[in-house]
Amino acid sequence: MPELPEVEVTRLSFAGAIAGGKVVSARLGKPLRWPLGVPVEQLVGQTVRGVRRRGKYLLIDLTEGLLLMHLGMSGSVVFGHGLPVAGAHDHFDLKTDRGTLRLNDPRRFGAVVFATAESDPVAQKLLGKLGVEPLGDDFRLDSFRSGLAGRKTAIKQVLLAGDIVVGVGNIYASEALFLSGIRPTSKANRLSRPRVERLHQAIRDVLSRAVEKGGCTLRDFSDANGDAGYFQLEAMVYARAGQPCKICAAEVRQIRQGQRSTFFCPKCQKP
DNA sequence: CACGGATCCTGATGGC
DNA sequence: TGCCATCAGGATCCGT
């Protein structure tokens, strides 16, 4: 469910409300991808300073340390007072006097990890190799180009790897490549300068537009207040195999790359 | 060190 | 209705 826009929309939906909240209790459900790292009692009494995002991680700053939360493939967050009794897929609750933050994640590819600081090796193991933020000033065309120059793999795979630029997941990778007219199978290091420039711009455009629209709701995305996003209405190629391209009417194709589905228009996107 | 593949887990969906 | 195979928004780990 969550690529950068969904994570950012989620963050925006509860960051203001939880800030300043004092942790009353916390509970863990079934194990997530990694152990929390501290007993939940250690969180009690701490104050939530604020919530940031790095790539697809939510960083929940506490008085002493921070929680790194990842939504994996199927994670979502709810925040509020008087939440229902935790269900089978509610694997983390952080109850504060401003409301309870709850992570629901059926597949449990997500994670909640405690680190004493962002520089803590525990945090750096997760954040250390991440690429630049696509919507920030650090996402420069020249460094993007030199990053791609070192990769012989398909451009789609490079985008997903997240070590050059973060936040582009399976949906937005297909969409950004469509917008820039690049075949997903093209080798990253063979893209011409103008094509890299178009891709650079397309990544920014597609992600920022999705954030504005409130995230993607392809299956079941909703933010911490339960509000759904609308990106699905705008997908140009994702999940549209066999349907006509919205620009040229050619049939949208679906292929597999690294066990993930890729969608593209064979006419609009040149190898 | 860059690459491709296997892997974690549960639920939805479609074919028979 | 049941059973089985396939697929799903992510990212790490491991062998080459």
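Note on naming: letters A, B, ... go to the chains in the order of the sequence lines (proteins, then strands), and numbering restarts at 1 for each one. The figures that follow rest on heavy atoms only: side chains count, while hydrogens, waters and symmetry mates do not.
Listed pair A/K152 / B/dC3 fails the phosphate criterion, with no side-chain N or O lying under 4.0 Å from OP1 or OP2. Regarding contacts with the backbone of C/dG10, every side-chain N or O of A/H70 stays at 4.0 angstrom or more from both OP1 and OP2. For the pair A/Q259 and B/dG4, the criterion of a side-chain N or O lying under 4.0 Å from OP1 or OP2 is not met. The shortest distance between the side-chain N/O atoms of A/K129 and the OP1/OP2 oxygens of C/dT12 is not below 4.0 Å.
Checking C/dA11, C/dC7, B/dC8 against every side-chain atom of A/R256, the shortest atom distance belongs to C/dC7. Listed nucleotides: C/dT12, C/dG10, C/dA8. Nearest to the side chain of A/R260: C/dG10. Distance from the side chain of A/T153 is smallest to B/dC3 among B/dT10, C/dA11, B/dC3. Considering only the side chain of A/R151, B/dA2 comes nearest among B/dA2, B/dT10, C/dG10. Residue A/H89 has its side chain nearest to B/dT10 when only C/dT12, B/dT10, B/dC3 are considered.
At distances below 3.5 Å, not a single donor-acceptor pair connects side-chain atoms of A/E64 with backbone N or O atoms of A/Q46. A donor-acceptor pair under 3.5 Å is formed between the side chain of A/H91 and the backbone N or O of A/K30.
Salt bridge present: A/D93 and A/R27 bring a charged side-chain N and a carboxylate O closer than 4.0 Å. Between A/R11 and A/E8 there is a salt bridge, since at least one side-chain N of the basic residue sits less than 4.0 Å from a carboxylate O of the acidic one.
Distance CD (A/Q254) to P (C/dC7): 8 Å, rounded to an integer number of Å. Regarding A/L127, its CG atom lies at a distance of 14 Å from the C1' atom of C/dT12, rounded to whole Å. Rounded to a whole Å, the CD atom of A/E3 is 13 Å from the C1' atom of C/dA11. Remark: P of C/dA11 and CG of A/D163 are 11 Å apart, rounded to the nearest angstrom. Atom-to-atom, CG of A/L32 to P of C/dT12 comes out at 15 Å; the value is rounded to the nearest Å. Rounded to an integer number of Å, the gap from A/Q257 CD to B/dG4 P is 10 Å. Note: CZ (A/R107) to P (C/dA11) measures 13 Å, nearest angstrom. The distance between atom CZ of A/R53 and atom P of C/dG10, rounded to the nearest whole Å, is 14 Å.
Scanning DNA chain C for stems, defined as runs of 3 or more consecutive Watson-Crick or G-U wobble pairs whose donor-acceptor distances all fall under 3.5 Å, gives the following ranges: B:2-8 with C:10-16, B:10-16 with C:2-8.
Side-chain N/O atoms of A/R108 and base N/O atoms of B/dC9 include no donor-acceptor pair closer than 3.5 Å.
Heavy-atom neighbours of A/R253 CZ from other residues, nucleotides or ligands within 6.0 Å: at or below the threshold of 12. Shown here is A/R52, whose CZ atom has more than 12 heavy atoms of other residues, nucleotides or ligands within 6.0 Å. Surrounding CG of A/D142 are more than 12 heavy atoms belonging to other residues, nucleotides or ligands, all under 6.0 Å away. Other residues, nucleotides and ligands contribute more than 12 heavy atoms inside 6.0 Å of the CD atom of A/Q243.
At the heavy-atom level, A/G258 lies nowhere under 4.0 Å from the strands shown.
The side-chain ring of A/F109 is not stacked on the base of B/dC9, judged by centre separation under 5.5 angstrom and plane angle under 30 degrees.
With sequence neighbours excluded, no residue forms a side chain to side chain donor-acceptor pair (under 3.5 Å) with A/T47.
Clustering ILVMFWY residues whenever any of their side-chain heavy atoms sit less than 4.5 angstrom apart, transitively, puts A/L67 in a cluster other than the one holding A/Y57.
When only modelled atom types and interatomic distance are considered, A/S261 and A/R256 share a side-chain donor-acceptor pair under 3.5 Å.
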Output one line per pair: protein atom, nucleotide atom from nucleotides 13-16 of chain C, and distance, for all N/O pairs under 3.5 Å.
| residue | atom | partner | partner atom | Å |
| --- | --- | --- | --- | --- |
| C/dC13 | OP1 | A/K125 | NZ | 3.2 |

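Two residues, A/R33 and A/S261, neighbour DNA chain C, and the one matched to the more 5' nucleotide by heavy-atom proximity is A/S261.
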